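What you see is a predicted model, and the numbers here were worked out from it, not measured in a lab.
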Amino acid sequence: MAVRDQWVIEPDTYGETRIGGIKAYCNFDFLVPLDGRVHIIDWKAGKQDERKYGRQLLAYATGAAGIYGVGPEQIEAVVAYVLPRYTEQRLNLDDADIAGFTETVRRETQEMRALCSDVENNLPEAKEEFPMTEYRGLCGYCVFRELCGR
Ligand code: SF4
């Protein structure tokens with residue numbers, strides 16, 4: 001297969017993959033396998049947020065490690081902020097990062113499944129099973145307010 005045919009550039013798919021055997025979605029902006037390395041670039045036009053986008057990039061890198069069967073040292077992962085001035089945020093990955101993120105996916109998936117009445121069809125428990133928070137200050141920012149009724 002030609003190198004260019006392996007490029008992934010803003011695909012029309014949801015990027016379904018598996019992380020630690022669990023279904024996950026890695027919708028790469030730009031991914032190029034080249035000379036035994038996998039290059040991932042995630043473009044951002046807005047405000048810089050190292051924590052948020054670093055975590056997103058770690059998710060992509062973990063997904064790519066599984067898809068391409070490569071170790072962290074073979075992955076070049078970059079968040080590229082194009083505005084107002086081009087800046088890069090690079091991930092320095094090691095095995096513990098990949099293992100840690102895989103474990104996070106496993107744990108968070110288990111927590112979500114515990115709140116489902118039907119895991120197979122992703123149906124949640126009845127609304128009454130979810131206690132409302134005591135910290136009412138949070139409700140003002142909550143996107144589920146309408147559904148919740150508070
Ligand atoms: S409005 Fe949101 S944060 Fe507040 S109780 Fe309802 S679901 Fe929880």
**Q** Can you give me the closest heavy-atom contact between Ala64 and Ile40, atom names plus distance?
**A**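 Heavy-atom minimum between the residues: CB-CD1, 3.8 Å.
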**Q** List the residues meeting ring-ring contact (aromatic ring centres under 6.0 Å, His included) with Phe101, not counting sequence neighbours, and say none if there are none.
**A** none
**Q** Rounded to the nearest 0.5 Å, how far does CZ of Arg150 lie from CE of Met132?
**A** 5.5 Å
**Q** Less than 4.0 angstrom from a charged side-chain N to a carboxylate O is my criterion; do Arg90 and Glu76 meet it?
**A** yes
**Q** Charged N to carboxylate O under 4.0 angstrom, Lys127 versus Glu125?
**A** no
**Q** Rounded to the nearest 0.5 Å, what's the gap from CG on Leu93 to CG on Leu58? Could you check?
**A**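 CG of Leu58 is found 6.5 Å from CG of Leu93.
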**Q** Report, as yes or no, whether the 6.0 Å neighbourhood of atom CZ on Arg136 holds more than 12 heavy atoms from other residues, nucleotides or ligands.
**A** no
**Q** Using 4.0 Å as the upper bound for N to carboxylate O, is an ion pair formed by Lys44 and Asp42?
**A**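 Yes, Asp42 and Lys44 are salt-bridged.
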**Q** Taking the inter-plane angle between the rings of Tyr14 and Tyr25 on a 0 to 90° scale, is it parallel (under 30°), tilted (30 to 60°) or perpendicular (over 60°)?
**A**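 Plane angle over 60°, so perpendicular.
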**Q** Quick check: closest heavy atoms across Gly20 and Thr102, and the distance to 0.1 Å?
**A**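 For Gly20 versus Thr102, the nearest heavy atoms are CA-CG2, 3.7 Å.
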**Q** Within the 4.5 Å heavy-atom criterion, are Asp94 and Asp97 side-chain neighbours or not?
**A**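 They are in side-chain contact.
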**Q** Could you verify whether a donor N or O on one side chain and an acceptor N or O on the other, from Tyr81 and Glu88, lie under 3.5 Å apart?
**A** no
**Q** What pair of heavy atoms forms the shortest contact from Ser117 to Pro124, and how long is it?
**A** OG-O, 3.3 Å
